[in-house]
Protein chains: 2
Amino acid sequence: MAGTNRQTVYATLRRKVLSMELAPGAPVSENELAAALGVSRTPVRESLILLAEEGLIQVFPKVGSFVSRVDPVRVADAQFLREAVELTALDDLPGRLDERLMAELDDNLNRQDRPGIGLEEFFTLDEEFHHGLLKLSGHGAAWATVSAAKGHLDRARRLGLNEATPPAVNAGQHRAILEAVVRGDLPAARTAMRTHLRAVFDDVERIRAQSPELFASNDGSTPVRRNVVTWD
Amino acid sequence: MAGTNRQTVYATLRRKVLSMELAPGAPVSENELAAALGVSRTPVRESLILLAEEGLIQVFPKVGSFVSRVDPVRVADAQFLREAVELTALDDLPGRLDERLMAELDDNLNRQDRPGIGLEEFFTLDEEFHHGLLKLSGHGAAWATVSAAKGHLDRARRLGLNEATPPAVNAGQHRAILEAVVRGDLPAARTAMRTHLRAVFDDVERIRAQSPELFASNDGSTPVRRNVVTWD
DNA sequence: GTGCGTGTGCTTGTATACAAGTACCGGTCG
DNA sequence: CGACCGGTACTTGTATACAAGCACACGCAC
């Protein structure tokens, strides 16, 4: 039906996990996915191995593979990593900001402000905005590492944004950061960035109180089939 | 001859790449490795996919797989990431340092100071030291991300340490960091850490001037067989 | 009703067979 | 002697077959 190569299968699966289309705790069978995607087990299996490396999938040998529940520990880790990288990058902002990148960021913000913006679209713009800021300071490549590490944070955030903080609030925080950067006011930029990232983190804590079944239990017990979240 | 499962194969291959036993630019054939390790292509291939994700292996479809040359861009990225994480972590050091961790760090430093210490042993201790510092500030889990990102940096460093800076110098810098941490002198700890990490980076630049063939060319050209470094 | 034991169906892990494509070596022609 | 052209041997990518093991359901004994 769709992909014939591993890249496509991997991209598809990753998108479905991050968008919560595949719910945390749900079983993902190699055979099942292979049949659904119209490919053999091989590319599916190789994709699952990569997703397991990212912590998005848990594989229990001879038992089954499951979408990881959102792990609060990993969320906190990603939060720390992200703060460290994005705040430190601000210190390396050049005196003269790249005009093309600035135009992109400005255009990005304008699109974020669109009234009836959808959630998925906002997330894409959000990613591009933070990535763009990193590129502005010459550390764009670090985004790949941050991005890979924050899968758990993103999934929780998607729920938080949906039910708690509307995109407009985040867009306003984004604008505050960029304006401070333009002014060359480094302390203000750092403060605005920290405020923004912490707000995101608080959203995650809020959604955890609302939907604990999507989060991993603290005792690290292994989820089995009867614990499945059917998501319907 | 050895491993029968993927974890073993992956660990073996990763070790050989990071220790430069498999030279940058060297071809790694799935069939060849499978025969050498006494397993089929499957676990070997899955391991190579993971190593490719880390950037340690380059796969050219239908052509071959090669050990990545040390990429200066990735080295710089890892350096930035590492500085950001390790310096930021210092800010989160608790007032009361965990005694057990402190004892481990102290013991670690004593072993680093041993006169005739081997290179591999020193590297292990070095990793444990930096990981330990992160754990001290409650961000031990971030080490996994840093560790995965700094493969290129490590390979270059291994050469740098061998031919340029002796382990004793690094051990001294480690001690300076830990002493500042114990005194609770945060600025001094940050300075010492930054000095240490920058020294490592400088070593890499030095070895690059000495052995440019181990590094990727800046134009990003694709290495093919005739460009192989035979390493003998 | 309750508890235990066995069989069945599913899972992942590994090995192998086939498909498709590229680089290189050698012969041939100009 | 040089350039071109084709066969060959290798590569990775995918599909399939086989192996080993766990969980659950069913049925029986108590």
Side-chain angles (χ1 to χ4, degrees), chain A residues 1-13 17 22-23 25-68 221-230, chain B residues 1-13 17 22-23 25-68 221-230:
Chain A
M1 187 206 216
T4 31
N5 52 9
R6 188 184 78 234
Q7 282 193 340
T8 306
V9 172
Y10 170 75
T12 302
L13 259 45
V17 170
L22 262 56
V28 281
S29 158
E30 293 178 3
N31 283 317
E32 210 172 306
L33 289 176
L37 296 173
V39 296
S40 78
R41 269 184 63 202
T42 306
V44 171
R45 174 177 171 77
E46 291 173 350
S47 298
L48 287 184
I49 288 174
L50 286 173
L51 292 171
E53 189 67 15
E54 290 183 52
L56 294 177
I57 296 282
Q58 274 182 301
V59 178
F60 298 92
K62 312 298 177 71
V63 174
S65 301
F66 304 85
V67 179
S68 299
S221 66
T222 63
V224 278
R225 287 187 208 168
R226 63 162 61 84
N227 278 350
V228 163
V229 177
T230 52
Chain B
M1 188 206 214
T4 32
N5 51 9
R6 191 186 77 234
Q7 282 194 340
T8 305
V9 172
Y10 170 75
T12 302
L13 258 47
V17 170
L22 262 56
V28 281
S29 158
E30 294 178 1
N31 282 316
E32 211 172 305
L33 289 176
L37 297 174
V39 296
S40 78
R41 271 184 62 203
T42 306
V44 171
R45 176 178 170 76
E46 291 173 350
S47 299
L48 287 183
I49 289 174
L50 286 173
L51 291 171
E53 188 67 15
E54 290 183 52
L56 295 176
I57 296 283
Q58 274 182 304
V59 177
F60 298 93
K62 310 300 177 69
V63 174
S65 303
F66 305 83
V67 179
S68 299
S221 67
T222 63
V224 278
R225 289 188 208 167
R226 64 163 60 85
N227 278 348
V228 163
V229 177
T230 51

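Every chain is numbered from 1 and lettered A, B, ... according to where its sequence line falls, protein lines coming before strand lines. Worth knowing before you read on, the calculation uses all heavy atoms, side chains too, and leaves out hydrogens, waters and symmetry mates. As the structure is a computational prediction, the values presented were derived from the model and not from experiment.
Ranking dT14(D), dT22(C), dT11(C) by closeness to the Val63(B) side chain, first place goes to dT22(C). With dT11(D), dG13(C), dT14(D) as the candidates, the nucleotide lying closest to the side chain of Glu46(A) is dT14(D). Taking the side chain of Asn31(A) as heavy atoms from C-beta on, and the options dT11(C), dT12(D), dT16(D), the nearest nucleotide is dT11(C).
One interatomic measurement links the two molecules: CD of Glu30(A) to C1' of dT14(C), which rounds to 12 Å at whole-angstrom precision. Between the P atom of dT12(D) and the CD1 atom of Ile57(B) lies a distance of 10 Å, rounded to the nearest Å. Counting to the nearest Å, the C1' atom of dA15(D) and the CZ atom of Arg45(B) are 12 Å from each other. Rounded to whole Å, the distance from CZ on Phe60(B) to P on dC10(D) is 21 Å. Across the protein-nucleic acid pair, Arg6(A) atom CZ and dA20(C) atom P stand 19 Å apart, rounded to whole Å. Atom pair Ile49(B):CD1 and dT14(C):P shows a separation of 13 Å (rounding to whole Å applied). A straight line from CG of Leu37(B) to P of dA15(C) spans 11 Å, rounded to a whole angstrom. Atom CG of Leu51(B) is separated from atom P of dT12(D) by 14 Å (rounded to the nearest Å).
Contact check, Asn5(A) against dT14(D): no side-chain N or O comes under 4.0 Å of OP1 or OP2. In terms of phosphate contacts, Ser29(A) brings no side-chain nitrogen or oxygen within less than 4.0 Å of OP1 or OP2 of dC10(C).
Residue pairs meeting the salt bridge (charged side-chain N to carboxylate O under 4.0 Å, His left out) criterion with at least one member in residues 53-68 of chain B, sequence neighbours excluded: Arg14(B)-Glu54(B).
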Side chains of residues 33-43 of chain A: which donor-acceptor pairs under 3.5 Å do they make with residues two or more places apart or in other chains?
unit_1: Ser40(A); atom_1: OG; unit_2: Thr42(A); atom_2: N; d: 3.3
unit_1: Arg41(A); atom_1: NE; unit_2: Glu30(A); atom_2: OE1; d: 3.0
unit_1: Arg41(A); atom_1: NH2; unit_2: Glu30(A); atom_2: OE1; d: 2.8

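How far CG of Leu50(A) is from CG of Leu56(A): 11.0 Å, rounded to the nearest 0.5 Å. Note that OG of Ser47(B) and CD1 of Ile49(A) are 8.5 Å apart. Values are rounded to the nearest 0.5 Å.
Minimum heavy-atom separation, Phe66(A) to Val28(A): N-CG2, 4.0 Å.
Both Ser65(B) and Thr42(B) sit near DNA chain D, but only Ser65(B) has its closest nucleotide nearer the 5' end. Mapping Ser40(B) and Val59(A) onto DNA chain C via the closest heavy atom, the residue that lands nearer the 5' end is Val59(A).
Using a 4.0 Å heavy-atom cutoff across all strands shown, Val44(A) reaches no nucleic acid atom at all.
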